[in-house]
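These notes concern the structure reproduced below.
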Amino acid sequence: MAGWSGRLEAVPITLDSMSSLRIAAVIPARLSSTRLSRKVLRVIAGRPMVEWVWRAAVASGLMDPVVVATDSEEVESVLKARGIPVAMTSADCASGSDRVFEVSRQIDADIYVNIQGTSRR
């Protein structure tokens, strides 16, 4: 190949260079948690816990859309009533990452950010 030096050059990525990319945030929300039952809908200061996570992601201004991914019709109903976008996913998803993958088949974006609002790590 003409001009190939055999070296790859790192291209710095800045927030400005990312402005042309569509970045979707996905917040997996499983109602049947093993450690704390129904934690995504637990009310904290008047709002379901997952709404606080969604609001923080939206407030960053870096991602659009920001959606909650769930297999629960109850979660979907509660969040839609609060104006929060929801993507329904299969109950067969074994992890939050599996939910993000399913959402990537529903919503077009360049980058998908998996926001684990209740992770203990």
Side-chain angles (χ1 to χ4, degrees):
M1 211 174 3
W4 171 248
S5 67
R7 291 184 51 204
L8 295 176
E9 292 185 34
V11 178
I13 296 177
T14 64
L15 287 177
D16 288 336
S17 68
M18 292 179 66
S19 66
S20 64
L21 298 175
R22 181 174 167 134
I23 304 171
V26 182
I27 304 165
R30 190 170 60 98
L31 194 57
S32 57
S33 171
T34 55
R35 290 182 304 277
L36 179 60
S37 176
R38 305 174 57 79
K39 69 182 168 186
V40 298
L41 292 181
R42 295 268 175 144
V43 175
I44 301 170
R47 295 188 172 121
M49 186 278 307
V50 71
E51 181 177 346
W52 288 106
V53 177
W54 177 81
R55 285 176 175 271
V58 169
S60 77
L62 300 173
M63 300 164 287
D64 183 30
V66 177
V67 301
V68 176
T70 188
D71 63 345
S72 165
E73 291 178 2
E74 181 181 357
V75 171
E76 177 188 37
S77 176
V78 168
L79 297 183
K80 282 191 171 184
R82 301 176 84 80
I84 298 172
V86 177
M88 291 301 290
T89 55
S90 168
D92 295 332
C93 289
S95 69
S97 296
D98 291 332
R99 290 196 196 290
V100 174
F101 178 74
E102 278 198 21
V103 171
S104 76
R105 300 298 186 226
Q106 301 173 33
I107 296 172
D108 184 46
D110 298 301
I111 298 171
Y112 298 88
V113 179
N114 182 347
I115 299 178
Q116 296 282 332
T118 63
S119 178
R120 53 192 169 129
R121 295 178 196 170

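Under the rule for a side chain to side chain donor-acceptor pair (under 3.5 Å), the partners of Ser97 that lie at least two apart in sequence or sit in another chain are Asn114. Qualifying salt bridge (Lys or Arg N to Asp or Glu O under 4.0 Å) partners for Glu73, counting only residues two or more places apart in sequence or in other chains: none. Applying the side-chain contact (heavy atoms from CB on, under 4.5 Å) criterion to Val113, with sequence neighbours excluded, gives Ile23, Met63, Ile111, Ile115. Not counting sequence neighbours, the partners of Asp110 by the side-chain contact (heavy atoms from CB on, under 4.5 Å) test are Leu21, Arg22. Every residue was checked against the side chain to side chain donor-acceptor pair (under 3.5 Å) condition with Glu102, not counting sequence neighbours, and none meets it. Partners of Asp64 according to the side-chain contact (heavy atoms from CB on, under 4.5 Å) rule, which considers only residues two or more places apart in sequence or in another chain, do not exist here. Residues meeting the side chain to side chain donor-acceptor pair (under 3.5 Å) test with Arg42, sequence neighbours left out: none. Applying the side chain to side chain donor-acceptor pair (under 3.5 Å) test to Thr89 and every residue at least two apart in sequence or in another chain returns Arg99.
Counting side-chain heavy-atom gaps under 4.5 Å among Ile, Leu, Val, Met, Phe, Trp and Tyr, the cluster of Ile107 also holds Val26, Val67, Val100, Val103, Tyr112.
Using a 4.5 Å heavy-atom cutoff, the side chains of Pro28 and Gln116 are in contact. Proximity of Ile27 to Val50: side-chain heavy atoms (C-beta onward) are separated by under 4.5 Å at one or more points.
Listed by first and then second residue, the side-chain hydrogen bond (donor to acceptor under 3.5 Å, both in side chains) pairs involving residues 78-87 are Glu51-Arg82, Glu76-Lys80 (not counting sequence neighbours).
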